[in-house]
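Just so we're on the same page: letters track the sequence lines, and every chain starts at 1.
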There are 2 protein chains.
Amino acid sequence: MVSMLERDMREKFRRSGYTLTSQRRAVLDALRDCKGHPSAEEVYLAVKKRNPRVALGTVYQALSVLEEIGLIEAKHWSETPVRYDLNTEPHHDIRCAKCGAVAEIPGVEFEDFASRLQENTPYEVTNASLVIEGVCPACRLES
Amino acid sequence: MVSMLERDMREKFRRSGYTLTSQRRAVLDALRDCKGHPSAEEVYLAVKKRNPRVALGTVYQALSVLEEIGLIEAKHWSETPVRYDLNTEPHHDIRCAKCGAVAEIPGVEFEDFASRLQENTPYEVTNASLVIEGVCPACRLES
DNA sequence: TTCGTTAATAATAACCATTCCTGAAAAAAG
DNA sequence: CTTTTTTCAGGAATGGTTATTATTAACGAA
Ligand SMILES: [Mn+2]
Ligand SMILES: [Mn+2]
Ligand SMILES: [Zn+2]
Ligand SMILES: [Zn+2]
């Protein structure tokens, strides 16, 4: 997935009614460079290094298109900003409440929450995900 | 808990180094009136009905104090604003992605996530909660 | 009570992440 | 090519929330 073929990618855009523009590709490249869970602002700074003419609004729009077509995922915590994730495999991320660093938690998979919830609410459950917060090793030392 | 004694409440404030002011009581009363999961703005409007002199900033500050001493809980979803909940018993809430209505989901209790996560991350896990989104019955009809 | 000290409030400005708007540029379609 | 549609850059606007400051209320000794 990380090294998705150029052809496959173009096709994914086309099927969704979008085009693979240089800006959108630059945002994807930036996400690979950051290789973490960057905010829109951080993606913007990474993109600007190569192309200083790109606008922050464009990055936001590109991120939302990339999310819509399923190439990336937006992750929310109790504090802004939203973080973006190239890893679309099911997995859990934890965010340090002190410094904001996000890390992945490997090897933990919980049951599918949606079904059990669906039996107990008249709402149509469309999404149920864990939000995990904590303190990273570095921040734990200085406290 | 809902009909917590005046005396107990005062004591809870005092132990936390705060005082039970008329504004803070008004915010609690408003939360009871709304009897749902109101935003700060909605609490503000409810409080203003009785005391038009109260300031929005005061409501935000009161809510954060009430949360700190454990009388209410703040609930976050992928969309703002934050909602506040008088019900501090462990339970799940679902938010309609279309209209924002929040409802409680009774009778569902999942295992304690924190422990299993803790074994797989160097972070100190301080919080792991489900964020649940869906479509309410009313919104489902008009689609 | 009174005075001095601290905490809380009202009003308003500032903040920050995000979205919206507009005219220009680029891409796609014909 | 020419026309039509999509995307973009730049910048203004928005919405929820927090910070600032002067005023008011609560507290705590004499
Ligand atoms: Mn991740
Ligand atoms: Mn609730
Ligand atoms: Zn940290
Ligand atoms: Zn609804």
So, [X] and [Y]: side-chain donor and acceptor under 3.5 Å apart, yes or no?
{"X": "A/S78", "Y": "A/E133", "value": "yes"}
{"X": "B/H76", "Y": "A/E79", "value": "no"}
{"X": "B/H92", "Y": "A/N120", "value": "no"}

Enumerate the protein-to-nucleotides 12-20 of chain D contacts in which both atoms are nitrogen or oxygen and the separation is below 3.5 Å.
unit_1, atom_1, unit_2, atom_2, d
D/dT17, OP1, B/V82, N, 3.1
D/dT17, OP2, B/Y60, OH, 2.8

Look at all strands and tell whether A/T58 reaches a base, only sugar-phosphate, or nothing, counting heavy atoms closer than 4.0 Å. base
Can you tell me how far [atom2] of [N] sits from [atom1] of [X], to the nearest Å?
{"X": "A/L63", "N": "D/dT7", "atom1": "CG", "atom2": "C1'", "value": "15 Å"}
{"X": "B/E79", "N": "C/dT18", "atom1": "CD", "atom2": "P", "value": "13 Å"}
{"X": "B/Y18", "N": "C/dA8", "atom1": "OH", "atom2": "C1'", "value": "11 Å"}
{"X": "B/L66", "N": "C/dA8", "atom1": "CG", "atom2": "P", "value": "12 Å"}
{"X": "A/R10", "N": "C/dA27", "atom1": "CZ", "atom2": "C1'", "value": "11 Å"}
{"X": "A/F13", "N": "D/dT7", "atom1": "CZ", "atom2": "C1'", "value": "12 Å"}
{"X": "A/R14", "N": "C/dA27", "atom1": "CZ", "atom2": "C1'", "value": "15 Å"}
{"X": "A/W77", "N": "C/dA17", "atom1": "CH2", "atom2": "P", "value": "16 Å"}

Just how large is the angle between the end axes of the helix from C/dT1-D/dA30 to C/dG30-D/dC1, five pairs per end, to 10 degrees? 30°
Could you state the interatomic distance from CD1 (A/I72) to OG1 (A/T88), rounded to the nearest 0.5 Å? 10.0 Å
For the pair B/R15 and B/E11, find out whether any cationic side-chain nitrogen is under 4.0 Å from an anionic carboxylate oxygen. yes
Does the pair A/R116/A/E111 count as a salt bridge with the N-to-O cut at 4.0 Å? yes
Any donor-acceptor pair under 3.5 Å linking the side chain of A/W77 with the backbone of A/V131? no
In terms of relative ring orientation, are A/F113 and B/F113 parallel, tilted or perpendicular, with 30° and 60° separating the classes? perpendicular
[X] side-chain N/O to [N] phosphate OP1/OP2 under 4.0 Å:
{"X": "A/Q23", "N": "C/dA26", "value": "no"}
{"X": "B/T21", "N": "C/dT9", "value": "yes"}
{"X": "A/Q61", "N": "D/dA9", "value": "no"}
{"X": "A/R53", "N": "D/dC8", "value": "no"}

Could you walk me through whether A/V108 and B/E119 pass the side chain to side chain contact (heavy atoms under 4.5 Å, CB included) check? CA-CA 9 Å; A/V108 180; B/E119 291 165 15; over 6 Å; no
